[in-house]
Trainee: 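Just dropping this structure here.
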Amino acid sequence: MNDSIQPATIRVFIALAPPDDAKDELARALAPAYAAHPGMRWNRIEDWHITLAFLGELPTATVPLLRDPLAELAAARRPLDLSLEGGGHFDSRVLWSGIAGDVPGLHRLADDVRSLVKETGIPYEGRPLRPHLTLARARRGDLTSVPDAAGVLDGFAGRTWPTARLHLVGSDYARGPAPARYRDIDSWRFAGGT
């Protein structure tokens with residue numbers, strides 16, 4: 001297959017990414033859960049992110065419409081001070097870490113990102129923001145691993161870090177047992193970010 005051929009559609013979202021040392025700190029806290037539940041579908045640490053707006057499957061040709069508006073938004077915003085804190089699960093199927101710090105600022109940023117998406121003419125009907133970092137998913141029929149794994153994050157409080165960049169991310173959504181793989185389509189520094 002020719003790698004230069006673009007697919008007609010791409011799964012897209014806009015997100016923030018914790019710095020590597022914050023992700024490493026969380027991964028160390030998760031070590032007992034990794035050991036106890038190797039059969040869960042663990043997301044790769046390099047793919048951990050905080051989704052601001054999930055746009056779903058878009059025609060590849062529409063994605064460039066987002067670049068300039070997102071660059072302008074990032075250039076006009078100061079970094080947010082956030083941290084990873086605690087954990088939990090959605091419906092015994094999805095394990096997540098919580099987000100602490102400037103959560104009101106995170107909600108304002110997500111609202112602005114979502115408004116910008118609509119202004120570009122890309123339809124957006126997203127769910128309310130529930131700030132979290134998805135860590136793993138249970139295998140079909142496994143209703144106990146995720147709640148058990150969430151327990152290792154009780155009391156976890158990671159260091160505070162500034163958000164550095166706003167990311168436009170593409171996904172090769174995995175069907176089957178493998179986790180999705182993500183790649184930056186583009187990213188932009190926040191004012192004063194690194």
Trainee: Provide the closest heavy-atom pair for Val103 versus Ile99 in the form atom of the first, atom of the second, distance.
Mentor: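 Looking at all heavy atoms of both residues, the shortest contact is CG2-O, 3.6 Å.
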Trainee: Hydrophobic clustering (ILVMFWY, side-chain heavy atoms < 4.5 Å, transitive) - are Tyr124 and Leu73 grouped together?
Mentor: yes
Trainee: Are the charged groups of Asp184 and Arg165 less than 4.0 angstrom apart, N to O?
Mentor: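 No, this pair does not count.
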Trainee: For the pair Arg139 and Asp142, find out whether any cationic side-chain nitrogen is under 4.0 Å from an anionic carboxylate oxygen.
Mentor: no
Trainee: Ignoring hydrogens and geometry, is there a side-chain-to-backbone donor-acceptor pair from Trp42 to His37 under 3.5 Å?
Mentor: yes
Trainee: Same cluster or not: are Val94 and Ile50 linked, directly or through other Ile, Leu, Val, Met, Phe, Trp or Tyr residues, by side-chain heavy atoms under 4.5 angstrom apart?
Mentor: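 They do not share one cluster, since no chain of ILVMFWY contacts under 4.5 Å joins Val94 to Ile50.
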Trainee: Show the nearest heavy-atom pair for residues Ser92 and Ala138, with the distance to one decimal.
Mentor: O-CB, 4.0 Å
Trainee: Run the numbers on Leu166 and Arg77 for side chain to side chain contact (heavy atoms under 4.5 Å, CB included), then give the verdict.
Mentor: CA-CA 10 Å; Leu166 183 64; Arg77 298 299 276 265; over 6 Å; no
Trainee: Verify, without hydrogens or angle tests, whether Thr60 (side chain) and Ala8 (backbone) share a donor-acceptor contact under 3.5 angstrom.
Mentor: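 Checked: pair present.
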Trainee: Using the ring pair (Phe, Tyr, Trp, His ring centres under 6.0 Å) rule, take Phe90 and His132 through it: C-alpha gap first, then chi angles, then the decisive distance, then the call.
Mentor: CA-CA 11 Å; Phe90 298 129; His132 69 281; 5.0 Å; yes
Trainee: Where is the tightest heavy-atom contact between Ala191 and Arg78, given as atom of each residue plus distance?
Mentor: O-NH1, 3.4 Å
Trainee: Of all heavy-atom pairs between Pro79 and Phe190, which one has the smallest distance, and what is that distance?
Mentor: N-CB, 4.0 Å
Trainee: Taking 4.0 angstrom as the limit, do Asp111 and Arg114 come out as a salt bridge?
Mentor: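 No.
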Trainee: Check whether more than 12 heavy atoms from other residues, nucleotides or ligands sit under 6.0 Å from atom CG of Asp91, and answer yes or no.
Mentor: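 Open.
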Trainee: Looking only at the aromatic ring of each residue, does the gap between the centers of His49 and Phe13 stay below 6.0 angstrom?
Mentor: yes
Trainee: Between Ile14 and Leu116, does a side chain to side chain contact (heavy atoms under 4.5 Å, CB included) hold up when you go through it step by step?
Mentor: CA-CA 11 Å; Ile14 301 162; Leu116 178 150; 5.7 Å; no
Trainee: What is the minimum heavy-atom distance between Leu129 and Ala110, and which atoms define it?
Mentor: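 The pair with the smallest heavy-atom distance is CD2-CB, 3.6 Å.
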Trainee: Find the distance between CG (Leu168) and CD1 (Ile185) and round it off to the nearest 0.5 Å.
Mentor: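 The distance works out to 4.0 Å.
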Trainee: Determine the minimum heavy-atom distance between Ser97 and Leu84, stating which atoms define it.
Mentor: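 Here Ser97 and Leu84 meet closest at OG-CB, 3.8 Å.
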Trainee: What verdict does the side chain to side chain contact (heavy atoms under 4.5 Å, CB included) test give for Val63 and Leu65, after you've listed the backbone C-alpha separation in whole Å, the side-chain angles of each residue and the deciding distance to 0.1 Å?
Mentor: CA-CA 5 Å; Val63 174; Leu65 297 174; over 6 Å; no
Trainee: Which is it for Thr120 and Arg67 under the side chain to side chain contact (heavy atoms under 4.5 Å, CB included) test, yes or no, and what are the steps along the way?
Mentor: CA-CA 10 Å; Thr120 65; Arg67 282 193 161 108; over 6 Å; no
Trainee: CD1 of Ile45 to CG of Leu26: how many Å apart, nearest 0.5 Å?
Mentor: 7.5 Å
